[in-house]
K.L.:
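Take this structure, written in C-alpha cells, and hold onto it; I'll ask about it next.
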Amino acid sequence: MPVAVHWFRKALRLHDNPALAKAVAACSAPNSSLLPVYTLDPHFVKNSHIGTNRWLFFLESLQDVDRSLSESGSKLLVLRGEPMTLFSTLFDTLIANGETVSLYFEADTSPYARNRDAAMLELCASKNIAVHTFNSHTLFNPSDVIKVNGGITPIVYQSFLKVITEKMPAIQPATPTLTQVPPLSDEMKALLTYTETFGFDAFQVPSMEDIGKAVPGENLVSTHKGGEREALKRLEEYMKQKDLVCKFQKPETNPAAFQPASTTILSPYLKMGSLSARTFYHELMKVYRASKIGYTKPPVSLLGQLYWREFYYTAGYGTPNFDKMLGNPICKQIPWRTDEQSNVDLEKWATGQTGFPWIDAIMIQLKQEGWIHHLARHSVACFLTRGDLYISWERGAKVFEKLLIDADWSLNTGNWLWLSASAFFHQYFRVYGPVSFPKKYAPESVKYVRKYIPALKNFPEKYLFEPWKCPIADQKKAGCIIGKDYPKPMCDHDAVSKVNIGKMKVAYDEGKVASPPKAPKGKKRPLDED
DNA sequence: GTAATGGTTGCTAAC
DNA sequence: GGTTAGCAACCATTA
C-alpha cells in the first residue's frame, strides 16, 4: 500500500506548502497513508549555536504544525537522531510491512542541508523510493536566478532586482491551504511507535527538557511566539495597516521603537517557514493594488525587504565559503584582531557590558527577546567590527546565530558581510556612532535604554548615551555610579574609529595588490557546477 | 581604457 | 528644522 512520507524541515506550515500538498494528493488512492515526519538532527541539537529562545520558538513552531495535523486525525512523527539513520530504519520498517514508499520535501539551499539532502537522494535511490522536492522557501530559486544571469551571482542589489524583474518568470500563486490531511491509521501508529527502540514517544513533540535544554528565568524568555497560526495572524494584522504598508521605508523606521516595533517582525516566521514568502508577497500585492496613495519601491519598501531576503539567499547559494572570510571570493580580507584581549572584548560586547548604553541595551534586548531591529543590528555589528573593536564579523555572526530567533544562515551572513564592509558595502568610512546614532531616535531611544538597562532608569537624559560624562553629583543623585553600577566605556569611540578607518584602508589596498587577475569578461563569478 | 554614477539606513558643522 | 558640504575617497557598474 502506498505511503507518502512528508519530511518537514523548514516550511512548518499547512498554507502554501507544495511538497505537503503533493504528498496529500498522492494519498487519494484507498488504503494509502500520509506520514508527516520531522527529524531532530543532533547536528542542530548538540551544537551550542542555537540559544534558548531559538529552541523555544522552534518547538512552538513544531507544536503548531502537530496541532494542525492532529485536527485532521494525523500526527507528526518527531524522530531524534541522524536523519539518514532514522530514515533508513523508517523505510525498512515500512517496506517490510509491504508498503510502497515515496518521499516529499521542500528543497533547502544552505550548505549543510544540501549535503544532507544529496545523501538522502542516494539513500532513496538505493531503496527504490521516489523522491519529490519543491522550491518554496524563497520566491525565486537561487540556482534559477544565477542561471538566467548567465551563471553569474549578482552581488549588487540593483543588478539582482533587474534579473528577477526582467528575466525571471512571474511569481506563481500560493498553493491552497490544506484544511484537511489524511488521518494516520492506528495500524501505522502502532507500526511506528519507536518508544522501545529509541526510548521516547516519537508521536509527541518534545519539550525543552526532552531535548536536554534548560528553560531560563522568565525575563529571558522571548515574548515572540512561534507557529503558523501566530505568523498568519501577524501578517493579517500588519496588512490591515494599509497606509503603513504602502509608505513603508526601512531606513525611516525607528530601531528603538518597541510596543509596537517599527517593523513587521515577520522574519522569524519566514525563517522557520511558518510563513510562506509567497503568501506574504501576494498579500502585499493586494494591498499595493488597492492603494490610492501609491506605494514605496524596493529597496526600501516592504517588497524590497522580501527581495533582500532573496538577494542574500542567492548570494549565499552562489558564493563559495560564503560564511567565512578565508576562501570567500567576494569577502575583503581584513586582519581582524585575534589577540587574547579580543576574547574579553567580544564577551563584553556579547553580554552588553561595553559601557555604551545604546550598544548594551541592544545586546540585552537580543539576549532577552531574540529579536532586534535591523538598524540596531547595524549599530552593534559596526561597533564589533570596523567601527570600534575590530573583531571579525564571523565571531559576531556566531553570537547572532545563537541569540536571534530569526537567525537565517544566508541573511545573517550577508548582513555581517555588509556591515563589516567585507562585501556588498564598501564605504567603510561611514561609521555608526554609539552615541550620535541613538540621539536621532529620541525619545524612543531614551525609553529603550531605560527599559533594557534598569541601572540607568533614573539617569539624566542629557548623559544617557554617554554616561561617563555625567558629573559625579548627578550620578549619585540618579543612583548609578559609572564604573560601579554601570561600566565605563570600553574604548574611546572617536579616537578608535578613526584608527580603524585607517586600518580598513590599508586592508583594502593590500587586497587590491593581492587579488588575482580578473577573469575574462562574462566569466566572472561563475557558479561551480553541482 | 577612463570617467562618471549610484550605492536601502554616518557624522558634523554650517547655512 | 531641514538641507548641504566636507570628511577623505570605497566598490561595481555603466557610458
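In what follows, chains carry the letters A, B, and so on, assigned in the order in which the sequence lines appear, proteins first and then strands, with residues in each chain numbered from 1.
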K.L.:
Using atom P of each nucleotide, how far apart are C:dG2 and B:dT8 to the nearest Å?
P.N.:
25 Å
K.L.:
Do we see a donor-acceptor contact under 3.5 Å between the side chains of A:Glu106 and A:Ser136?
P.N.:
yes
K.L.:
Please tell me if A:Lys440 has a side-chain N or O lying less than 4.0 Å from either OP1 or OP2 of B:dG10.
P.N.:
no
K.L.:
State, without any angle test, whether A:Arg278 and A:His15 hold a side-chain donor-acceptor pair at a distance under 3.5 Å.
P.N.:
no
K.L.:
Base, sugar-phosphate, or nothing: which does A:Phe424 touch, judged by heavy atoms less than 4.0 Å apart?
P.N.:
nothing
K.L.:
Are the ring of A:Trp308 and the six-membered base ring of B:dT8 within the stacking cut-offs of under 5.5 Å and under 30°?
P.N.:
yes
K.L.:
Pairing check on B:dT12: which nucleotide meets the Watson-Crick or G-U wobble criteria with it, both distances under 3.5 Å?
P.N.:
C:dA5
K.L.:
Only pairs with both distances under 3.5 Å count, Watson-Crick or wobble alike; so what is the partner of B:dT5 in this structure?
P.N.:
C:dA12
K.L.:
In whole angstrom, what separates A:Phe383's CZ from B:dC11's P?
P.N.:
14 Å
K.L.:
As a test of reading the structure: which of B:dT9, B:dG7, C:dC11 is closest to the side chain of A:His374, going by heavy atoms?
P.N.:
B:dT9
K.L.:
Can you identify which nucleotide, out of B:dT9, B:dT8, C:dA9, has its nearest atom closest to the A:Phe429 side chain?
P.N.:
C:dA9
K.L.:
Is there a donor in the side chain of A:Ser222 and an acceptor in the side chain of A:Asn53, or the other way round, less than 3.5 Å apart?
P.N.:
no
K.L.:
Which nucleotide wins on minimum distance to the side chain of A:Val300, given the candidates C:dA12, C:dA9, B:dT8?
P.N.:
B:dT8
K.L.:
When all nucleic acid strands are considered with a 4.0 Å heavy-atom cut-off, which category describes A:Gly304: base, sugar-phosphate, or nothing?
P.N.:
nothing
K.L.:
Provide, to the nearest angstrom, the distance between the OH atom belonging to A:Tyr157 and the C1' atom belonging to C:dC11.
P.N.:
19 Å
K.L.:
Taking the P atom in each of B:dG6 and C:dT4, what is the distance between them to the nearest angstrom?
P.N.:
15 Å
K.L.:
Could you state the atom-to-atom distance from NZ of A:Lys505 to P of C:dC11 in whole Å?
P.N.:
8 Å
K.L.:
Between A:Asn149 (CG) and C:dA12 (P), how many Å, whole number?
P.N.:
16 Å
K.L.:
Could you check how far CG of A:Asp494 sits from C1' of B:dC11, rounded to whole Å?
P.N.:
10 Å
K.L.:
Measure from the side-chain heavy atoms of A:Lys512 and tell me the nearest of C:dC11, B:dT9, C:dC10.
P.N.:
C:dC11
K.L.:
What is the separation between atom CZ on A:Phe311 and atom P on B:dG7, rounded to the nearest whole Å?
P.N.:
14 Å
K.L.:
Provide, to the nearest angstrom, the distance between the NE2 atom belonging to A:His426 and the P atom belonging to B:dT9.
P.N.:
13 Å
K.L.:
For a quick check of understanding: with a heavy-atom distance under 4.0 Å over all strands, which category does A:Gln158 fall into, base, sugar-phosphate or nothing?
P.N.:
sugar-phosphate
K.L.:
Look at all strands and tell whether A:Lys297 reaches a base, only sugar-phosphate, or nothing, counting heavy atoms closer than 4.0 Å.
P.N.:
nothing
K.L.:
If only atom types and distance count, is the side chain of A:Asp323 paired as donor or acceptor with the main-chain N or O of A:Trp409 below 3.5 Å?
P.N.:
no
K.L.:
Base, sugar-phosphate, or nothing: which does A:Phe437 touch, judged by heavy atoms less than 4.0 Å apart?
P.N.:
sugar-phosphate
K.L.:
Can you tell me which nucleotide in C:dC11, B:dT9, C:dA9 comes closest to the side chain of A:Leu375?
P.N.:
B:dT9
K.L.:
Expressed in whole Å, how much space separates the P atoms belonging to C:dA9 and B:dG7?
P.N.:
22 Å
K.L.:
With the side chain of A:Ile155 defined as its heavy atoms from C-beta on, choose the nearest nucleotide among B:dT8, C:dA12, C:dC10.
P.N.:
C:dA12
K.L.:
When the distance from CZ of A:Phe425 to P of C:dA9 is rounded to whole Å, what number comes out?
P.N.:
15 Å
K.L.:
Any donor-acceptor pair under 3.5 Å linking the side-chain atoms of A:Trp358 with those of A:Ser445?
P.N.:
no
K.L.:
State which of B:dC11, B:dT8, C:dC11 makes the closest approach to the side chain of A:Ser436.
P.N.:
B:dC11
K.L.:
What residue among A:Asn321, A:Ile155, A:Thr153 forms side chain to side chain contact (heavy atoms under 4.5 Å, CB included) with A:Ile330?
P.N.:
A:Ile155
K.L.:
Counting heavy atoms from C-beta on, name the nucleotide in B:dT9, C:dC10, B:dT12 closest to the side chain of A:Tyr428.
P.N.:
C:dC10
K.L.:
For A:Val156, report the nucleic acid contact type (base, sugar-phosphate, nothing); a contact means any heavy atom under 4.0 Å.
P.N.:
sugar-phosphate
K.L.:
Counting side-chain heavy atoms from C-beta on, which of B:dC11, B:dT9, C:dC11 comes nearest to A:Trp418?
P.N.:
B:dT9
K.L.:
Would you say A:Glu347 and A:Asn343 are linked by a side-chain donor-acceptor pair, where the criterion is simply a distance under 3.5 Å?
P.N.:
no
K.L.:
With rounding to the closest Å, how many angstrom separate the P atoms on C:dA8 and C:dA12?
P.N.:
23 Å
K.L.:
Quick one: which of B:dT12, C:dC10, B:dT8 gets closest to the side chain of A:Gln305?
P.N.:
B:dT8
